[in-house]
Number of protein chains: 2
Amino acid sequence: MNEERDLFERYLRTKDLKMTSPRETVLQAFLATEGHLSAEDVFDAARRIDPGIGQATVFRTLKLLEGPRRYEHAYRHRHHDHLLCIRCGKLVEFFDPAIEKAQDRVFEKYGFKAIGHMMELKGLCAECTEAVRDSLAK
Amino acid sequence: MNEERDLFERYLRTKDLKMTSPRETVLQAFLATEGHLSAEDVFDAARRIDPGIGQATVFRTLKLLEGPRRYEHAYRHRHHDHLLCIRCGKLVEFFDPAIEKAQDRVFEKYGFKAIGHMMELKGLCAECTEAVRDSLAK
DNA sequence: AGTTTTATTGATAATGATTATCAATATCAA
DNA sequence: TTGATATTGATAATCATTATCAATAAAACT
């Protein structure tokens, strides 16, 4: 059922490490922390689950989590980018393989290991382009 | 002759700051440090030029050096995207024509008129990849 | 020039984030 | 269950960066 947990446990196994209750707490806290993760945020979230958990444990476990899946868990939702109309706010979600590929090349070029990305294109949608043109035509 | 220096001094002027000998030392050290520079590296290089220079001065000046780089980009309106290391915070600015082209196709496909975009790639830089691997090695 | 004002310096203290130490405890395999 | 080992939380230590501050240097005035 809990795929995240299984993945983590499998990873720990390969390192002769144990899946423990505090580690599970950190994992849950980590997954529950949407958006940008500071270790502090995860620590706070973990304390809400288990007030007795130690800060060092959170650091240690976060480090372990980098192993199988890295810090971000954006992978949980299917990845897509955004195309936003700045006039009416229309939002289009899209996925473009060519862009993904080009991004991979950038990661490689600079010696980075890819974790994820965020892209937002801003423009005027067709309707708004028309509307603007009309209003300019007076 | 030294364009970097001039650019830096011009930037300092706009902030009512002074071009001093220690600051020039740090600038030289900064420019001389090939590749991946930690503040520590720059400090070492600066000390080779002026053994009496203080560590705090290096940190302060490095912070100032961020200014003109940003300023230059903003002034020239040169577009770039960001590649960020989520572990150490290293930020690489890059421009990739293939990505720009692919984005244009997306705009067109959805009938949008392009205005701009924001893209941030997240990953682990080479040093951090290594560091993480070491820390996981048992 | 000299005087005043303000920015800058280096040393050091303080901070914030992360890591190491360690005795007590939990986990796993037999 | 036992025994071996991994893990824990508390705390100390470390690392990188900042803040403080008295002494100094530079610019801006006489």
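Computation of the quantities below employed the complete heavy-atom set of this structure, encompassing side-chain atoms and omitting hydrogens, waters and symmetry-equivalent molecules.
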- Message: Closest-nucleotide mapping onto DNA chain D: is A/Met19 or B/Ala56 further toward the 5' terminus? I mean the 5' end.
- Response: A/Met19
- Task: Specify the separation, in whole Å, of atom CG of A/Leu17 and atom C1' of C/dA26.
- Result: 15 Å
- Using a strict 4.0 Å threshold on nitrogen-to-oxygen distance, state whether B/Asp44 and B/Arg47 make a salt bridge. yes
- Below 4.0 angstrom from OP1 or OP2 of D/dT18, is there any side-chain N or O of B/Lys63? yes
- Atom pair distance, as rounded to whole Å: CZ in A/Phe59 and C1' in C/dT19: 9 Å
- With side chain to side chain contact (heavy atoms under 4.5 Å, CB included) as the test, would you mind laying out the steps for A/Leu17 and A/Phe8 before giving the verdict? CA-CA 10 Å; A/Leu17 301 175; A/Phe8 189 32; over 6 Å; no
- Can you tell me how far NZ of B/Lys101 sits from CD1 of A/Ile99, rounded to the nearest 0.5 angstrom? 13.5 Å
- Query: For B/Arg60, which contact category applies under a 4.0 Å heavy-atom criterion: base, sugar-phosphate, or nothing?
  - Reply: base
- What does B/Gln55 touch in the nucleic acid at a heavy-atom separation under 4.0 angstrom: a base, only the sugar-phosphate, or nothing? base
- Task: Please assess A/Phe43 against A/Val26 for the test side chain to side chain contact (heavy atoms under 4.5 Å, CB included), listing each intermediate value before the final yes or no.
- Result: CA-CA 8 Å; A/Phe43 180 40; A/Val26 174; over 6 Å; no
- Task: Write down the distance between CG (A/Leu12) and C1' (D/dT5), rounded to a whole number of angstrom.
- Result: 15 Å
- Can you tell if the side chain of A/Glu24 reaches within under 4.5 Å of the side chain of A/Arg5, non-hydrogen atoms only? yes
- For B/Thr20 and C/dT9, is the shortest distance between a side-chain N/O and OP1 or OP2 below 4.0 Å? yes
- Quick note, B/Thr57 side chain, CB onward, closest among C/dT12, C/dT9, D/dT8 is C/dT9
- Of all the choices, D/dG9, C/dT8, C/dT18, which nucleotide is nearest to the side chain of A/Ile53 once you look at every atom? D/dG9
- Query: Within this structure, what is the CZ-to-P distance between B/Phe43 and C/dT9, rounded to whole angstrom?
  - Reply: 14 Å
- Query: Closest to the A/Arg23 side chain: D/dG9, C/dG10, D/dT7?
  - Reply: D/dT7
- Query: To the nearest angstrom, how far is A/Glu40 atom CD from C/dG16 atom C1'?
  - Reply: 10 Å
- Task: Would you kindly give the CG-to-P distance between A/Leu62 and D/dT8, to the nearest whole Å?
- Result: 12 Å
- Item | Euclidean distance, atom CG of residue B/Leu64 to atom P of C/dT9 [Å, nearest integer] | 9 Å
- Tell me: NZ of A/Lys15 to C1' of D/dT5, nearest whole Å? 18 Å
